[in-house]
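First up is the structure itself, then whatever we jot down about it.
Note on naming: letters A, B, ... go to the chains in the order of the sequence lines (proteins, then strands), and numbering restarts at 1 for each one.
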There are 2 protein chains.
Amino acid sequence: MTFDVLAEPHRRDILDILRTGERPVGDLVELLETSQPLVSKHLRVLREAGLVDVRIDAQRRIYRLRPEPLQELDAWLAPYRALWTTALDRLDTLLEEDQ
Amino acid sequence: MTFDVLAEPHRRDILDILRTGERPVGDLVELLETSQPLVSKHLRVLREAGLVDVRIDAQRRIYRLRPEPLQELDAWLAPYRALWTTALDRLDTLLEEDQ
DNA sequence: CGTGTATATAACCATTCGCGTATGTTATCC
DNA sequence: GGATAACATACGCGAATGGTTATATACACG
């Protein structure tokens, strides 16, 4: 599973950033306010887990999100979701959305 | 986040079991085919993360699932879900379900 | 062709973590 | 009250992991 990959806060931060669009490594280093080797290391883990994809642009590597593994995570979560989406909860949700 | 708690396979196994109903520790030890101290340790982590709840019945401790933290996980996943539930993907899903 | 830029990798360290073994604790039953 | 059952906790160990520092690689540009 990809849970252990997502267990790292920096890696979740990277995904959150890439969700808004692809980025070169330098951007991630700036936004995360951390060291470049650390970002590269996390990106490698994300890449090997299939959560990101790389594209080469001259000296830069542009990283892009790949949501497929998250889809598997969503599938794992599905049976649990039934536990809090009872009829009553659905009503609550509707009321919130309507408000 | 509860991601690091779920990163451990045994802990996910425990949750999968408790999803079918509450269980004493001994049951979990048998079903997971592992040692009792290990199960107790994982249960402690799950308890501190709010993912399970204990009830005392004589010498036995009955554990029960608490889905609230999973709901938070689901909330984290929500914005990503939009990435694969585009109009086209919805069509694919419909076709699969119809088949 | 040398220099600067962008990124990856290597080597190392400290910490954390899963696991096993041994022991403590509490309740039941004779 | 002693023995047993069910579970938690303490301790120690090896492996994995996040992080830093230093170095390698590849490209652009004068």
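For the side-chain contact (heavy atoms from CB on, under 4.5 Å) test with B/L46, the passing option among B/D53, B/L65, B/L51 is B/L51; the others fail.
Between A/R60 and C/dT5 there is no side-chain N or O to OP1 or OP2 distance below 4.0 Å. Distances shorter than 4.0 Å separate none of the side-chain N or O atoms of B/Y63 from OP1 or OP2 on D/dA6. Look at A/H42 and you'll find a side-chain N or O under 4.0 angstrom from OP1 or OP2 of D/dG19. Listed pair A/S35 / D/dT20 meets the phosphate criterion, a side-chain N or O lying under 4.0 Å from OP1 or OP2.
Rounded to a whole Å, the NZ atom of A/K41 is 14 Å from the C1' atom of D/dA22. The nearest whole Å value for the distance from the CG atom in B/L38 to the P atom in D/dG14 is 18 Å. One atom, CZ of B/R61, and another, P of C/dA27, lie 8 Å apart when rounded to the nearest Å. Counting to the nearest Å, the C1' atom of C/dT21 and the CD atom of B/Q36 are 12 Å from each other. Spacing between atom CZ of B/R11 and atom C1' of C/dC17 amounts to 9 Å, rounded to whole angstrom units. Rounded to whole angstrom, the span from the CZ atom of A/R47 across to the C1' atom of C/dT7 amounts to 10 Å. Computed from coordinates, the B/L32 CG to C/dC19 C1' distance equals 14 Å when rounded to whole Å. Rounded to whole Å, the distance from CD on A/Q59 to C1' on C/dG4 is 10 Å.
Residues A/W76 and A/T2 fail the side-chain proximity criterion, which asks for heavy atoms closer than 4.5 Å. When side chains are defined from C-beta on, A/L32 counts as touching A/I17, because their heavy atoms get closer than 4.5 Å.
The side chain of B/P37 approaches C/dA22 more closely than any other nucleotide in the set C/dA22, D/dG18, C/dT9.
For the atom pair A/L6 CG and B/D4 CG, the distance stands at 11.0 Å (nearest 0.5 Å).
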